[in-house]
Amino acid sequence: MKFPLNDPQRAAVRYTDGPLLVLAGAGSGKTRVITAKIAHLIEQGANPAGIAAITFTNKAAREMRERIGAPLRRRDGAAAAPTICTFHALGLKILRREAASMHLTPRFSILDPGDIEPIVAELLATGDRARVRAAQWQMSAWKNALISPDQALARAATETEAAVARIYGGYGAALSVYQAVDFDDLIALPVAALEKDAGTAAHWQGRLDYLLIDEYQDTNPVQYRLLRLLTGSRAAFTAVGDDDQAIYGWRGATLANLEQLPRDYPSLKVIKLEQNYRSSIRILRSANALIGHNAKLFEKALWSELGLGEPIQVAPAADDQAEAESVARAIAALKFEHRGRFDDFAVLYRGNHQARAFEQALRAQNIPYAVSGGQSWFDRTEIRDLVAYLRLIANDDDDPAFVRAVTTPRRGVGAQTLEHLGRGLFAAACDGALIGTLPARQREALSEFCKMINSLRYRAEREPAGRLIDELVKTIGYEDYLFSSCDKREAQTRWESITDFVRWLSRKGEADERNLLELTQSIALLTLLEGEEGQDADAVRLSTLHAAKGLEFAHVFLVGLEEGVLPHREAIAAGNVDEERRLMYVGLTRAQRSLRLSWCKRRKRAGEWQSGAPSRFIGELAQEDLRHAETALEAGDAARDKEAGNARLRQMRAMLAR
DNA sequence: TAGAGATTAGTTTTT
DNA sequence: CTAATCTCTA
């Protein structure tokens, strides 16, 4: 084994006699344990193909694959590799095989929240996006908690909830008409398939010799059920997690899964990893002090041998712009002082929208940066356009994909023609009798469209993915469409992402030896092109706290530490401050050497200046390890006061005008 | 059908 | 106050 392991780590790697829970504190080397354990299992003679390691994000899966890659390849190059993927990717794999028992074609489409929004809007008969999203949110929560439409109706507490419950069943029906599933179904439907048929469960249990699961504290009830079904009575699994880093409660994750584990598995062995290899003593002491304010499930005390370290800086700023500027200056200074790299630095914040001020400030200082999180690469319009074609080629019941494909680029088919076709759009469009009554222009457009899709579908199983996608783009004249529908600059960048996408698909098709139809489904689960994300680029990371989990940086700037931001006001209102505290804990424990906390005295909210108070979490740290910046009144303050007064005046005038 | 102007709604985190 | 969506007009 390449890396030396400490005693508890080694114990966790070697223990394979039964279910194991590894409580891995921040920076205690949990990824090392998982990868070492996979290697250990294989050394012990396990079949690599029977091992699966499950993560929550693609990033984590990729990282683990990279870390496991080397030792595996050295052993026997051609042997089947262990499965290392996200929960959703595993669900997809299972559902592909079990689709029929769930009344689905194996070519089912996967719809993301953006695809689902119009469906839910129609069911609710509303154009109110906020309501639609709330409904999507609610139904997702029900699915993740294994609550059926009937149960939802029965227990709906408010009228709004009842209204959502009434469409919940219809939503499922709509998806099955389209032969489509949503993200939650990728876990829920495999669970249903495995529960429905003992033979199916036995099949998968037989295929899986050993299961490792990362970030166990972030599992939701459906995921736990899947875990139980897959491991069966043999219970050959290792769950790795840290209750102090549970930050996905809002997505249905529940610490009850962690509490429940020893009860469901009386023979469960628990190993704690408490030595931290990442942070200085001061950073760790503060993090421990903070998290001490939460009730704990398991007693755990992180310690470090890395030295006391620098005090943690606490600095107020006049507003978010001033905060960003001072962070940018501090980064420039530290970089100069340490001769380090830009990617030693991270700026972490609660919400994506907070990134903006920092982007501006860093750009002004010519400091390279990379924003993680934010909009997914596959969310770009042009990519969604192409993916609609792919979805339709794979699954002709996918009406939403048909609508998008047939109307982009414009080919004279609009709302009226679609109305004429009714439902089951693709079949209708290919139906000579049905379209016979349409004007010639529409009729020709539709039949040509159908011909193209059918021909591509026929060839998709026989020809390389790359060539087909290339041809598709040419056939539909997408380049011309782009350059005629938007200005040159934009068309250029969009066309570039199209060519990137085409290149990526062809490479992917060759590497995995998968055809276009098989590739189509996995696209829905991806957020980045592999190799993108400029991880090799030397740039300051701007990241949400959620997206920063699992990462580490020499210097961390934790910004926007105000009441209402962190802890977030919604969370305070909902009585969820504990999870916010864990979020802060995650942020603190990302830092290796230096940590700087900042908060804004004022912040603009919906165009209004609002005064802010420092987050209660600052007061919960180890005070002896903090160094408060001198709170000199900045010259800008007076000017800003005046501006705030002006804003109020403007608002009053606007009110009077109405 | 596209583009400009007006109006309006928004702010939590993501597979 | 933005950014995005909607609506109206050419």
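Below, chains carry the letters A, B, ... as their sequence lines are ordered, and counting in each starts from 1.
Following rounding to the nearest Å, A:Asn58 (CG) and B:dT14 (C1') show an atom-to-atom distance of 11 Å. To the nearest angstrom, C1' of B:dT15 lies 12 Å from CH2 of A:Trp137. Across the protein-nucleic acid pair, A:Asp218 atom CG and B:dT14 atom P stand 12 Å apart, rounded to whole Å. Rounded to whole Å, the distance from CD on A:Glu215 to C1' on B:dT14 is 13 Å. Counting to the nearest Å, the P atom of B:dT11 and the CZ atom of A:Arg133 are 7 Å from each other. The distance from atom CD of A:Glu359 to atom P of C:dT2 is 16 Å, rounded to the nearest whole Å. In this entry the distance linking CG of A:Leu226 with C1' of B:dT15 reads 14 Å, nearest Å. One can place CG of A:Asp319 at 14 Å from C1' of C:dC1, the figure rounded to the nearest angstrom.
If you check B:dT14, C:dT5, C:dC1 against the side chain of A:Lys604, the one that comes closest is C:dC1. For A:Trp250, the side-chain atoms get nearest to B:dT14 when compared with the rest of B:dT11, B:dT15, B:dT14. With distances taken from any side-chain atom of A:Arg356 to the nucleotides C:dC1, C:dA3, B:dT13, the minimum falls on C:dA3. The nucleotide whose nearest atom lies closest to any side-chain atom of A:His546 is, among B:dG10, B:dT14, B:dT15, B:dT14. Minimum atom distance to the side chain of A:Ala130 is reached by B:dG10, of the listed B:dG10, C:dA4, B:dT14. With distances taken from any side-chain atom of A:His568 to the nucleotides C:dA4, B:dT14, B:dT11, the minimum falls on B:dT11.
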Inset, instruction - Report the C-alpha separation of A:Tyr478 and A:Tyr481 in whole Å, then their side-chain angles, then the decisive distance to 0.1 Å, and conclude whether the ring-ring contact (aromatic ring centres under 6.0 Å, His included) test is met. - result: CA-CA 5 Å; A:Tyr478 201 83; A:Tyr481 161 73; 5.3 Å; yes
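Taking the C1' atom of each, C:dA3 and B:dT14 are spaced 22 Å apart, rounded to whole Å. B:dT11 and C:dC6 are spaced 15 Å apart, taking the P atom of each and rounding to whole Å.
Heavy atoms of A:Ala89 sit nowhere under 4.0 angstrom from any nucleic acid atom. Note on A:Arg569: nothing from the nucleic acid sits closer than 4.0 angstrom, heavy atoms only. Across all strands, A:Phe56 comes closer than 4.0 Å only to sugar-phosphate atoms, never to a base (heavy-atom distances).
Aromatic ring orientation, A:Trp504 versus A:Phe501: parallel (interplanar angle below 30°, classes split at 30° and 60°). Between A:Trp250 and A:His546, the ring planes are perpendicular. Angles over 60° get that label, and only those under 30° would be called parallel. The aromatic rings of A:Phe183 and A:His88 lie perpendicular to each other, with more than 60° between the two planes, well past the 30° mark.
A donor-acceptor contact under 3.5 Å is formed by the side chain of A:His353 with the base of B:dT11.
Between the side chains of A:Trp204 and A:Glu98, at least one donor-acceptor pair of N or O atoms lies under 3.5 Å.
A sub-4.0 Å separation between OP1 or OP2 of B:dT14 and a side-chain N or O of A:Thr57 is absent. Contact annotation: A:Asn144 does not reach the phosphate of B:dT15 (side-chain N/O to OP1 or OP2, under 4.0 Å). In this structure, A:Asn352 reaches the B:dT13 phosphate: one of its side-chain N or O atoms is under 4.0 Å from OP1 or OP2.
For the pair A:Arg251 and A:Arg129, nearest-nucleotide mapping onto DNA chain B gives the more 5' position to A:Arg129.
Taking the charged nitrogens against the carboxylate oxygens, A:Asp214 and A:Lys30 do have a contact shorter than 4.0 Å, which makes a salt bridge.
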